[in-house]
Amino acid sequence: MALLDYLLGQRRKSSANKAKDRLQILLAHERSHAKAPDYLPKMREEILAVIAKYVEIEEDNLKISLDEENGFEILELNLVLPEGKG
Amino acid sequence: MARVIVVTSGKGGVGKTTTSASFAAGLAQKGFKVAVIDFDVGLRNLDLIMGCERRVVYDFVNVVQGEASIKQALIKDKRVDNLFILAASQTRDKDALTQEGVGKVIEDLRADGFDYVICDSPAGIEKGAQLALFYADEAVVVTNPEVSSVRDSDRILGILQAKSKRAIEGDDPIVEHLVLTRYNPNRVQAGEMLAMEDVVELLNIKLLGVVPESEDVLQASNSGLPVILTEGVSASEAYKDIVDRFLGEDKPQRFLSVEHKSLFKKWFGK
């Protein structure tokens, strides 16, 4: 039986490996969020309000992110306008 | 010049107070003058673990609020020379501590010639935990090889790097150390528990030591004795190694692999 368990264990991924994989993804995600400045959510809301004055957009269609590249901080705004309107 | 060391984890129940008590006792045994402060206002526990719960007259909040001097409030340990405990208040709430008040207590301890001030943080990431880490020069992050503990430790590392005095004032960053507690090499080998290497890789901090899961930790707390003072048990050995490594000694890591009991021990030992 021990041999059978061993062989089955090889095929199934160990729970410790699952834990590590899940944490790797989660921590990377949470670290990037933790670094984002506190004003980002509020700024996003205000920008949305301004845009909504002129075009009808879905809230989810505005993405804001702050990244660092080669020593420069890049504020990226990505807005998808609805189709067929304008 | 006193070094301020916070013992922190985010998650509760991982061994912060056990580690604070043993780490402080171990440093004092080496001849340093050590104060260990319980920051868990409202839920004090360090006095119990250190076995001085009946000797608390004044507490941390009394000192912060000017109702007692630091000398009146410090409880001298009866087993280890140079070891002093400052208990948390059991009756006040966490708002009784202020950043200035805590800073003043640390200044007083510096003036009194203490070498190390160990801050035993409460669980969580709220005010109490942030006050415990604010003045830290070094941090001992206590983690269990378990998903939620690793995640919470990562959060606390982020707070150490953003909200401590050193981070805000742009000084050299807090020196971070990992203490991995409740480690069970049998379960690691069976693939049921995160291995030391995995936790170190995930958190990306320097390992100070591994404390194996052990019945002796509960036994020590039952009798109010820091486990490091229990002779001849693995948890005590592990904490002694941790103190030695903290003081710069180069000691190989232990308690990482499954111990094979000798036939003799199997038959005649425990």
Side-chain angles (χ1 to χ4, degrees), chain A residues 1-49 59-79, chain B residues 8-11 14 124-126 129-130 133 141 143-164 167-168 173-174 176 178 180 182-205 210 213 256-258:
Chain A
M1 277 315 274
L3 183 68
L4 191 64
D5 281 347
Y6 176 75
L7 291 172
L8 281 172
Q10 290 295 28
R11 237 186 298 144
R12 250 185 289 127
K13 211 171 185 187
S14 82
S15 69
N17 277 334
K18 271 189 217 158
K20 189 182 178 190
D21 292 348
R22 289 171 63 213
L23 279 167
Q24 258 166 345
I25 295 164
L26 183 72
L27 295 189
H29 178 76
E30 287 184 341
R31 277 173 198 159
S32 66
H33 268 254
K35 266 197 217 141
D38 297 341
Y39 61 76
L40 220 54
K42 183 131 203 301
M43 187 174 79
R44 182 175 180 277
E45 239 171 69
E46 287 177 18
I47 291 172
L48 259 173
E59 203 182 308
D60 294 344
N61 287 347
L62 177 68
K63 296 214 165 24
I64 294 186
S65 64
L66 197 66
D67 285 314
E68 212 186 279
E69 226 171 88
N70 307 324
F72 290 100
E73 279 193 291
I74 301 166
L75 179 67
E76 196 176 296
L77 284 125
N78 200 335
L79 174 68
Chain B
T8 187
S9 69
K11 191 174 182 298
V14 297
I125 53 170
E126 299 301 316
Q130 297 204 10
L133 65 80
V141 178
T143 308
N144 290 168
E146 177 269 329
V147 283
S148 57
S149 176
V150 173
R151 178 196 214 172
D152 290 358
S153 292
D154 197 64
R155 280 295 295 281
I156 273 292
L157 286 167
I159 292 170
L160 285 167
Q161 290 154 11
K163 297 197 171 164
S164 61
I168 291 166
I174 292 176
E176 299 157 352
L178 174 67
L180 194 56
R182 299 230 166 115
Y183 197 74
N184 186 331
N186 284 304
R187 302 199 71 183
V188 171
Q189 200 179 49
E192 298 170 4
M193 183 180 266
L194 283 165
M196 176 275 280
E197 293 84 357
D198 295 338
V199 181
V200 170
E201 186 192 326
L202 285 162
L203 293 176
N204 193 24
I205 65 171
V210 172
E213 189 167 50
L256 294 172
S257 51
V258 182

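Residue numbering restarts at 1 for every chain, and letters A, B, ... go by the order of the sequence lines.
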Nearest-0.5 Å distance that lies between atom [atom1] in [X] and atom [atom2] in [Y]:
X        : Y        : atom1 : atom2 : answer
B:Glu201 : A:Lys20  : CD    : NZ    : 3.5 Å
A:Ser14  : B:Arg187 : OG    : CZ    : 12.0 Å
A:Arg31  : B:Asp154 : CZ    : CG    : 4.0 Å

In short, A:Ala19 meets B:Val147 closest at the heavy-atom pair CB-CG1, 3.6 Å
Shortest non-hydrogen contact from B:Arg151 to A:Leu27? CA-CD2, 4.0 Å
Residue part contacting chain B, namely of A:Leu23, when any heavy atom lies under 4.5 Å: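 Looking at A:Leu23, backbone and side chain both touch chain B.
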Counting only non-hydrogen atoms closer than 4.5 Å, does B:Asp198 touch chain A with its backbone (N, CA, C, O), its side chain (CB onward), both, or neither?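 Both backbone and side chain of B:Asp198 come within 4.5 Å of chain A.
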Applying a strict 4.5 Å limit to non-hydrogen atoms, the region of B:Glu146 in contact with chain A is neither
Considering only NZ, NE, NH1 and NH2 on the basic side and carboxylate oxygens on the acidic side, decide whether A:Glu30 and B:Arg155 come within less than 4.0 Å.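 Not counted as a salt bridge, because no side-chain N and carboxylate O are separated by less than 4.0 Å.
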Restricting to side chain to side chain contact (heavy atoms under 4.5 Å, CB included), what partner residues turn up for B:Asp152, sequence neighbours left out? B:Lys11
